Each structure stands twice: as C-alpha cells, then as structure tokens.
Participant: 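Dropping a structure here in structure tokens format, bear with me for questions.
Predicted, not measured: the structure shown is a model, and the values here were computed from it.
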Amino acid sequence: MMNNQAYNAYKKASVKTASQAELVVLLYEGAVKKLASASSKFGPDGKLPVQNIEAFSADVLRAEEIITELQVSLDMEKGGEISRNLMSLYLFFNDQLRSANISKNKEKIDSVLNMMSQLADSWRQAAERSNGTVPAQSQQALNIEG
C-alpha cells in the first residue's frame, strides 16, 4: 500500500512539473498503454473471452477519452494544416475505437495502437530535440505556449 501511494505521488509530481511537450507525450503514452492492454485481452484464437469484455471496454473507453483530450487541445485557427490533420486522425481513431468496442475487433485496436505508437515516438523525439518544448507550429496546433 505504501509503495502504491509513493508511486501515485511521484506520478502526480511528474505531471505537474512536465513541459507541454512532455504532457503531450504522456497523453500519447497513456493511450498506447490502454490500447495495448485492450489488445492483450484477446485470446490466442483472436477472440475476446467473456470474462475480459468489461476490462477490454474500460481500456478502450479510457483510450478514447485520452484521444478526445488531445483533440480538444487543438487550436484550429492557429494550428492550420497541422491541426486539421491531427483532428482528422483523432476523429478517425475514436471512430475506429467505438467500432472495435462494439464489434470486439482486435485488428482495429491494433491498427490504432500502431498509429498512436508512431505518433508517440514522433512527439517523444520532438520533445527531446527541443529540450522539452514543443515546436512553434505544434504549439499553435495544440493551443499551448512554449
């Protein structure tokens, strides 16, 4: 119990002290983690066992919430084409996840997981190159200040 409290305190402090770029990376990583967890709920036969349905759905819904958070952070006026492209991706991701949640479709989960992982890697690299700050165009797209 004490270790869990210490971990939660550490996580909270990490989020409070993170740069904007690091926060975006944390959101992507959170979505990736939930999608990986949802995908892992399927059996070797590719089917979702009945006992895993509730946990699968909870993971997918949490990933959708994170993607929606990324979506509402976009500044469509300042971000221009980057914002429009990210908005399209986020809408597509959530559409695929809703469909996957209803149909219990592992392929759709894995597809979104793959794309989110690639985006997370790109954001991580951008944050590292810019010492934790977001490039100006991306700042505008995400409605954040460097």
Side-chain angles (χ1 to χ4, degrees), residues 1-128 132 134-135 137-145:
M1 174 113 174
M2 188 62 152
N3 286 340
N4 196 24
Q5 287 175 338
Y7 174 74
N8 287 336
Y10 170 77
K11 245 172 78 171
K12 197 174 194 177
S14 294
V15 169
K16 286 184 177 183
T17 60
S19 70
Q20 283 89 359
E22 291 166 335
L23 289 174
V24 171
V25 170
L26 287 172
L27 286 169
Y28 274 107
E29 288 175 346
V32 165
K33 181 179 175 182
K34 287 300 176 182
L35 292 171
S37 179
S39 182
S40 75
K41 303 288 189 280
F42 287 85
D45 60 356
K47 297 191 180 186
L48 185 64
V50 173
Q51 67 270 20
N52 291 351
I53 291 175
E54 188 175 341
F56 166 81
S57 184
D59 286 339
V60 173
L61 289 173
R62 184 63 185 127
E64 284 182 63
E65 290 171 353
I66 293 169
I67 293 166
T68 299
E69 187 63 35
L70 287 164
Q71 183 181 338
V72 299
S73 71
L74 294 172
D75 186 325
M76 300 307 288
E77 286 183 32
K78 293 180 185 174
E81 187 176 350
I82 292 173
S83 289
R84 287 190 297 278
N85 290 340
L86 286 171
M87 178 64 79
S88 293
L89 274 174
Y90 297 154
L91 291 170
F92 172 75
F93 291 162
N94 274 344
D95 182 59
Q96 292 295 295
L97 294 177
R98 277 189 292 279
S99 175
N101 202 1
I102 291 167
S103 64
K104 311 304 181 236
N105 185 314
K106 184 179 186 327
E107 289 77 28
K108 287 184 180 183
I109 297 294
D110 289 342
S111 175
V112 175
L113 171 58
N114 180 44
M115 289 183 272
M116 288 294 292
S117 293
Q118 290 177 28
L119 284 167
D121 289 341
S122 296
W123 276 103
R124 198 175 299 107
Q125 290 171 11
E128 288 170 2
V134 180
Q137 284 182 318
S138 297
Q139 285 180 14
Q140 292 173 345
L142 295 168
N143 194 27
I144 57 177
E145 296 178 16

Participant: Would you please test L97 and L35 for side-chain contact (heavy atoms from CB on, under 4.5 Å) and show each step?
Facilitator: CA-CA 9 Å; L97 294 177; L35 292 171; 3.5 Å; yes
Participant: Which residues pass the salt bridge (Lys or Arg N to Asp or Glu O under 4.0 Å) test with E107, sequence neighbours left out?
Facilitator: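 Expected list: none.
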Participant: Quick one: does S73's side chain have a donor or acceptor within less than 3.5 Å of a partner on L70's backbone?
Facilitator: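 Between the backbone of L70 and the side chain of S73 there is a qualifying donor-acceptor contact (under 3.5 Å).
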Participant: Mind checking the NZ-CD1 spacing from K108 to I102? Nearest 0.5 Å is all I need.
Facilitator: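 These two atoms lie 9.0 Å from each other.
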Participant: Kindly list each side-chain donor-acceptor pair under 3.5 angstrom involving residues 109-116, sequence neighbours excluded, with atom names and distances?
Facilitator:
{"residue": "D110", "atom": "OD1", "partner": "S39", "partner atom": "OG", "Å": "2.6"}
{"residue": "D110", "atom": "OD2", "partner": "K106", "partner atom": "NZ", "Å": "2.7"}
{"residue": "N114", "atom": "OD1", "partner": "Q118", "partner atom": "NE2", "Å": "3.3"}

Participant: Nearest 0.5 Å, please: how far is OH in Y28 from OG in S117?
Facilitator: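 Reported to 0.5 Å precision, the distance equals 11.5 Å.
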Participant: Could you tell me the separation between the CZ atom of F93 and the CG atom of L86, rounded to the nearest 0.5 Å?
Facilitator: 9.0 Å
Participant: Can you name the salt bridge (Lys or Arg N to Asp or Glu O under 4.0 Å) partners of E29, sequence neighbours left out?
Facilitator: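 E29 satisfies salt bridge (Lys or Arg N to Asp or Glu O under 4.0 Å) with R124 only.
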Participant: Given side-chain contact (heavy atoms from CB on, under 4.5 Å), test F92 with I67 step by step and report yes or no.
Facilitator: CA-CA 10 Å; F92 172 75; I67 293 166; over 6 Å; no
Participant: Could you check whether any side-chain heavy atom of N94 comes within less than 4.5 Å of a side-chain heavy atom of Q71, counting everything from C-beta outward?
Facilitator: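 Yes - at least one pair of side-chain heavy atoms lies under 4.5 Å apart.
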Participant: Quick one, M76 and L74 - any side-chain contact, counting heavy atoms below 4.5 Å?
Facilitator: yes
Participant: Start with the C-alpha distance between N105 and S99, add both sets of side-chain angles, then the distance that settles side chain to side chain donor-acceptor pair (under 3.5 Å), and finish with yes or no.
Facilitator: CA-CA 8 Å; N105 185 314; S99 175; over 6 Å; no
Participant: Applying side-chain contact (heavy atoms from CB on, under 4.5 Å), run through L61 and K34 and close with a yes or a no.
Facilitator: CA-CA 9 Å; L61 289 173; K34 287 300 176 182; over 6 Å; no
Participant: Which residue pairs pass the salt bridge (Lys or Arg N to Asp or Glu O under 4.0 Å) test with at least one member in residues 80-103, sequence neighbours excluded?
Facilitator: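 Qualifying pairs, neighbours excluded: E64-R98.
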Participant: Can you sort out the partners of K41 under salt bridge (Lys or Arg N to Asp or Glu O under 4.0 Å), two or more places apart, ordered by chain and number?
Facilitator: D59
Participant: Taking ring pair (Phe, Tyr, Trp, His ring centres under 6.0 Å) as the cut-off, I'd like each qualifying pair that reaches into residues 44-74, sequence neighbours left out, listed once.
Facilitator: F42-F56
Participant: On a heavy-atom basis, which atom in P49 and which in G43 lie closest, and how many Å separate them?
Facilitator: CD-N, 3.9 Å
Participant: For the residue pair S88 and N85, establish whether any side-chain heavy-atom pair is separated by less than 4.5 Å.
Facilitator: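 When only atoms from C-beta onward are counted, N85 and S88 do not touch, as no gap falls below 4.5 Å.
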Participant: Give a yes-or-no answer on whether the side chains of S83 and D75 include a donor-acceptor pair shorter than 3.5 Å.
Facilitator: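 Distance-only check fails for S83 and D75.
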Participant: Go through the steps for L89 and L119 under the test side-chain contact (heavy atoms from CB on, under 4.5 Å), then give the verdict.
Facilitator: CA-CA 10 Å; L89 274 174; L119 284 167; 4.2 Å; yes
Participant: Please name the pair of heavy atoms, one in A31 and one in A63, separated by the smallest distance, quoted to 0.1 Å.
Facilitator: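 Shortest heavy-atom separation between A31 and A63 comes out as O-CB, 4.2 Å.
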